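One structure is given below, encoded as structure tokens.
Keep in mind that what you see is a predicted model, and the values were worked out from it rather than measured.
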Amino acid sequence: MSQEPEQKLPNSELELDETDLVPRRRFLTLGGAGLLAIGFGSLAEGLVGSLSEPLNQQVESLIFQPQQPVPEFPISAIEPDKLIINSFRGTPVINPLAYRLTIDGEVNNPLSLSLGDLQKTPFTSMVIRHVCVEGWAAIVQWGGVRLRDLIAIAKPSDQVKYVYFYSADGYYESWDIDSVMHPQTLMAYQKNGQPLTPAYGAPLRLASPVKLGYKLSKWVTRIQLTSSLGKKRGYWEDLGYEWYAGL
């Protein structure tokens, strides 16, 4: 996959370690399947636009293990200076006392959660590598709530296959439900043991070791569950980037 445009990446920080330039599932790019899933992803999706799933999802999801944890790092491996701040339309001003996270769509129990509500949900911490499509990476500790725990409270319809994320700065993303329900996909409000700061996505952002950084939305205000994808699938994806973006 080619590097991103000269403009700054919106609403995400992304990375790649010099000793690990091929993420776990990026090895697909070394063979015909990878060319199909990555190199030709945008073209192929245009040609099969009538299908309900992006083509690269059909290929990459064949080897994704939804419940298999990704190996984590010790606290001593954290690289606090390597996580690059990228901006989309600048850092939005969000009053944490007034903040609400909406979870809606095809659910039986729509939610509107304050930060206090989120902090009452069981806390999870992980030290993972945050990988950028631009070719850099950083090992970061994230703390917050397992997204699957929040989804369970919202009681999704059995038909749900995708999840949209909307951010306070206008950024938007969509994921496959299996990646959303992965045990290491978090809605994070801590970074490296400290409260998340606005520059890195406070009050709440996505964190996960199973997706590239441009999928990891910051300043998330709404999570929408759906059985189908709309024409808009993600800010960068709508400009030609790979939709699945798995690691």
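In this structure, the side chain of Lys218 does not engage the main chain of Ala168 through any donor-acceptor pair within 3.5 Å. A donor-acceptor pair under 3.5 Å links the side-chain atoms of His182 to the main chain of Gln68, judged by distance alone. A donor-acceptor pair under 3.5 Å is absent between the side-chain atoms of Asn109 and the main chain of Lys155, judged by distance alone. In this structure a side-chain-to-backbone donor-acceptor pair under 3.5 Å is missing from Thr124 to Arg146. With Asp238 contributing its side chain and Arg233 its backbone, the two residues share a donor-acceptor pair below 3.5 Å. No donor-acceptor pair closer than 3.5 Å links the side chain of Arg222 to the backbone N or O of Tyr166. Side-chain N or O atoms of Trp219 include none that pairs as donor or acceptor with a backbone N or O of Gly170 at under 3.5 Å. Looking at Glu106, its side chain never comes within 3.5 Å of a backbone N or O of Gln159 through a donor-acceptor pair.
Side-chain contact between Val210 and Gln184 is absent, with no heavy atoms from C-beta onward closer than 4.5 Å. Put simply, the side chain of Gln141 reaches to within 4.5 Å of the side chain of Ser125, judged on heavy atoms. The shortest side-chain heavy-atom distance between Leu204 and Leu101 falls under the 4.5 Å cut-off. No side-chain heavy atom of Thr197 sits less than 4.5 Å from a side-chain heavy atom of Lys191. Looking at heavy atoms from C-beta onward, Leu229 lies in side-chain contact with Tyr164 at the 4.5 angstrom threshold. The closest side-chain heavy-atom distance from Arg205 to Leu216 is below 4.5 Å. You'll find the side chain of Phe165 stays beyond 4.5 Å of the side chain of Gln224, heavy atoms only. Counting heavy atoms from C-beta outward, Leu247 and Arg129 have side chains that stay 4.5 Å or more apart.
Counting all heavy atoms, side chain and backbone alike, Tyr189 lies closest to Pro203 at CB-O, 3.5 Å. The two atoms that bring Leu196 and Gly201 nearest to each other are CD2-C, 3.6 Å, heavy atoms only. Nearest heavy atoms, Ile151 versus Pro156: O-CD, 3.2 Å. Nearest heavy-atom pair across Lys215 and Ser174 is NZ-O, 2.7 Å. Taking every heavy atom of both residues into account, Leu150 and Ile103 meet most closely at CB-CD1, 3.8 Å. Closest approach of Gly144 to Leu186, counting heavy atoms only: N-CD1, 4.1 Å.
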Side-chain donor-acceptor pairs of residues 91-99 under 3.5 Å, sequence neighbours excluded:
residue : atom : partner : partner atom : Å
Asn95   : OD1  : Leu97   : N            : 2.9
Tyr99   : OH   : Val220  : O            : 2.3

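The aromatic rings of Tyr162 and Trp243 sit perpendicular, their planes meeting at an angle over 60°, well past the 30° parallel limit.
No side-chain N or O of Glu173 forms a donor-acceptor pair with one of Ser217 less than 3.5 Å apart.
Every side chain to side chain contact (heavy atoms under 4.5 Å, CB included) that Gln190 has, sequence neighbours left out, goes to Phe123.
The distance from the CE atom of Met181 to the CH2 atom of Trp175 is 12.5 Å, given to the nearest 0.5 Å.
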